[in-house]
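Starting from 1, each residue takes its place in the sequence as its number. We count ligands from 1, going down the list as the structure has it; atoms in each ligand are counted the same way. Quick caveat: nothing in here was measured; it's all calculated off a predicted structure.
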Amino acid sequence: MKLWGGRFTKPTNRLVEEVNASISFDQELAEEDIQGSIAHVTMLGSCGIITPDEAGKITAGLENILAKIRAGEIRFSVEHEDIHMNIEKLLLDEIGPLGGKLHTGRSRNDQVAVDMHLYVRKQTVELVRLLVQLQQVIIEQAEQHMDTILPGYTHLQRAQPVRLAHHLLAYASMFERDIERLIDSYKRVNTCPLGAGALAGTTFPVDRDMVAKHLGFDRIYDNSMDAVSDRDYLVEFLSVCSLIMVHLSRLSEELILWSSEEFNYIVLDDAFCTGSSMMPQKKNPDIPELIRGKTGRVFGHLTALLTTLKALPLTYNKDLQEDKEGVFDTVKTLSSALSLMAPILQTMKVNRVQMRKNAESGFASATDLADYLVNKGMPFREAHEVVGKLVLYCIEQEKQFSDCSLDELKSFSALIEQDLYQKINCEQVVEARKSFGGTAKTQVMQTLKQKKKNINETLTWLSIVY
Ligand code: ARG
């Protein structure tokens with residue numbers, strides 16, 4: 001017998017049952033569903049909608065069910081469609097007809113909404129925690145590689161030398177913005193829809209604030225129709241997650257390139273690589289590749305949800321049941337990607353010698369040579385031309401700037417003096433970029449200090465958040 005079977009004369013078609021049911025995936029919400037039900041029933045008791053004794057018995061029943069679920073003793077059934085009705089059925093079995101009072105003044109529409117809010121709230125906090133862990137590893141590596149110099153690239157061509165710390169901290173900045181976005185979205189996630197009923201509110205004298213407070217929500221939805229149909233917070237969540245995946249994927253791409261023999265900048269730890277079934281010499285960066293690869297599915301979940309929502313009339317429509325699998329899969333994908341990226345970065349070996357060698361060749365100091373001429377009064381555009389010609393000459397002669405004699409250099413511009421050699425030295429080139437946010441040591445140290453401060457602020461947020 002279905003919990004909603006009253007007006008039906010025929011059993012549900014078997015295939016309908018399968019397509020309609022969400023229990024195969026929404027059992028992920030079991031804890032949240034019971035948490036929400038306990039808050040609801042406690043309020044029903046306090047407001048005199050049921051007696052406090054009844055509320056106590058229902059709560060005890062729900063707690064028993066939760067313990068059984070945690071112990072793996074419960075098998076949910078497709079026949080009861082979703083997690084909400086499965087648990088209600090379990091409650092009826094547990095405490096008898098009194099269990100039927102749980103759903104007073106509530107609909108599955110506000111119930112599923114509260115479950116998802118609780119779930120996403122928990123995951124938002126968890127993702128912030130994982131991002132902080134990753135940040136700490138990046139900071140650690142940046143500290144160790146303050147004086148490691150590599151070429152910075154544009155167009156994947158050697159451009160100007162930078163500190164490895166500076167390069168790594170660029171990712172710290174990206175993940176810092178991701179943390180900001182999650183924390184900002186938290187206020188919309190932490191809004192309570194319960195009490196909206198099916199769509200229009202309820203005839204019972206419920207106390208919505210009491211339920212919200214019990215569940216740790218900061219505020220409640222001010223429109224019952226919006227409360228049951230809003231999935232904006234899920235779109236936001238998937239969009240923030242998509243951006244985090246973009247950042248992880250870009251970082252992965254660099255790890256893949258850098259660990260290739262062509263670059264030879266890093267060696268990834270054996271524990272995070274795999275071999276080839278055919279080629280005995282191979283050590284492949286599968287995990288960064290998978291992080292890069294899995295980025296697509298997270299974008300897919302975002303696009304799928306936006307598409308589901310775009311033409312939905314108010315209020316709840318069964319289409320909304322499609323919001324869950326993508327969110328669950330995103331959480332799983334992102335949590336494992338973040339949990340893996342931290343140790344991958346922590347254990348990688350950096351080939352400072354190779355990085356330095358590449359930074360010193362390839363004319364990465366060309367801009368500095370032009371700036372040198374500018375400081376001696378030459379207009380920048382002219383200096384650019386002079387250095388361009390010198391580069392061409394060096395390529396033909398198979399030389400670096402520093403291999404040229406002073407006379408050779410002077411033949412390109414009489415302004416060049418002995419002091420130029422010092423100016424185009426790799427360290428000097430890096431140190432000269434003292435502008436705010438540049439790669440000079442003082443600037444990188446400053447940024448590093450600021451990042452540590454920001455991490456501490458996030459840790460404080462984590463310690464006070466619900
Ligand atoms: N399983 C449903 C979902 O995930 C729960 C809400 C069902 N509401 C309804 N009116 N049929 O959306």
Side-chain angles (χ1 to χ4, degrees), residues 1-8 11-13 15-37 39-40 62 65 69 74 76-92 100 102-123 189 191-203 211 221 223-235 237-238 301 304-331:
M1 188 62 189
K2 300 275 190 230
L3 293 178
W4 42 252
R7 58 104 67 224
F8 286 77
T12 316
N13 173 294
L15 196 56
V16 168
E17 203 150 67
E18 264 167 42
V19 172
N20 193 39
S22 50
I23 188 62
S24 64
F25 51 87
D26 66 13
Q27 51 185 281
E28 182 81 33
L29 298 171
E31 300 252 348
E32 285 76 14
D33 197 70
I34 291 179
Q35 201 186 341
S37 286
H40 177 68
L62 287 167
I65 293 165
I69 292 173
I74 300 286
F76 298 111
S77 91
V78 178
E79 191 195 338
H80 298 301
E81 205 175 308
D82 56 25
I83 187 63
H84 325 295
M85 290 196 295
N86 264 274
I87 288 176
E88 194 174 327
K89 178 68 175 55
L90 288 166
L91 183 66
L92 290 170
L102 167 65
H103 212 52
T104 311
R106 185 178 74 169
S107 156
R108 272 186 296 157
N109 299 349
D110 55 347
Q111 185 180 0
V112 72
V114 87
D115 290 6
M116 282 302 274
H117 276 274
L118 291 171
Y119 174 84
V120 173
R121 180 176 76 182
K122 182 174 78 183
Q123 300 303 341
V189 171
T191 305
C192 187
L194 208 60
L199 75 159
T202 164
T203 57
V211 176
Y221 275 89
N223 181 303
S224 61
M225 297 177 80
D226 182 44
V228 293
S229 67
D230 174 37
R231 297 293 183 273
D232 295 358
Y233 66 102
L234 296 181
V235 170
F237 181 73
L238 292 177
H301 297 320
L305 182 60
L306 285 167
T307 312
T308 297
L309 296 177
K310 78 173 269 288
L312 285 188
L314 287 176
T315 51
Y316 178 85
N317 299 274
K318 194 60 176 248
D319 314 47
L320 291 176
Q321 181 165 284
E322 288 293 308
D323 65 354
K324 290 174 200 63
E325 284 162 289
V327 170
F328 298 157
D329 184 70
T330 297
V331 165

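Ionic pairing of K122 and E32 is present here: one or more N-O contacts between side-chain nitrogen and carboxylate oxygen are shorter than 4.0 angstrom. A salt bridge is defined here as a Lys NZ or Arg NE, NH1 or NH2 lying under 4.0 Å from an Asp or Glu carboxylate O, and E81 with R108 meets this definition. The pair E17-K2 meets the salt-bridge criterion, since a charged nitrogen lies less than 4.0 angstrom from a carboxylate oxygen.
Protein heavy atom closest to atom 11 (N) of ligand 1, with residue, atom name and distance, is R108 NH2, 3.4 Å. In terms of protein heavy atoms, atom 8 (N) of ligand 1 is closest to N109 OD1, 2.9 Å. When only non-hydrogen protein atoms are considered, atom 7 (C) of ligand 1 lies nearest to Y316 OH, 3.5 Å.
Residue D82 has at least one N or O atom closer than 3.5 Å to an N or O atom of ligand 1.
Set against the non-hydrogen atoms of S22, the atoms of ligand 1 under 4.0 Å away are 1 (N). Every atom of ligand 1 is numbered from 1 in the order shown, and the set under 4.0 Å from a heavy atom of Q321 is 1 (N), 2 (C), 3 (C), 4 (O), 12 (O). Residue K324 has at least one heavy-atom neighbour below 4.0 Å for each of these atoms of ligand 1: 3 (C), 4 (O), 12 (O).
A side-chain donor-acceptor contact under 3.5 Å links Q321 to the backbone of N20.
The shortest distance between side-chain heavy atoms of P193 and H117 falls below 4.5 Å. Contact check for L234 versus V120: side-chain heavy atoms found under the 4.5 Å cut-off.
The shortest heavy-atom distance from H84 to ligand 1 is under 4.0 Å.
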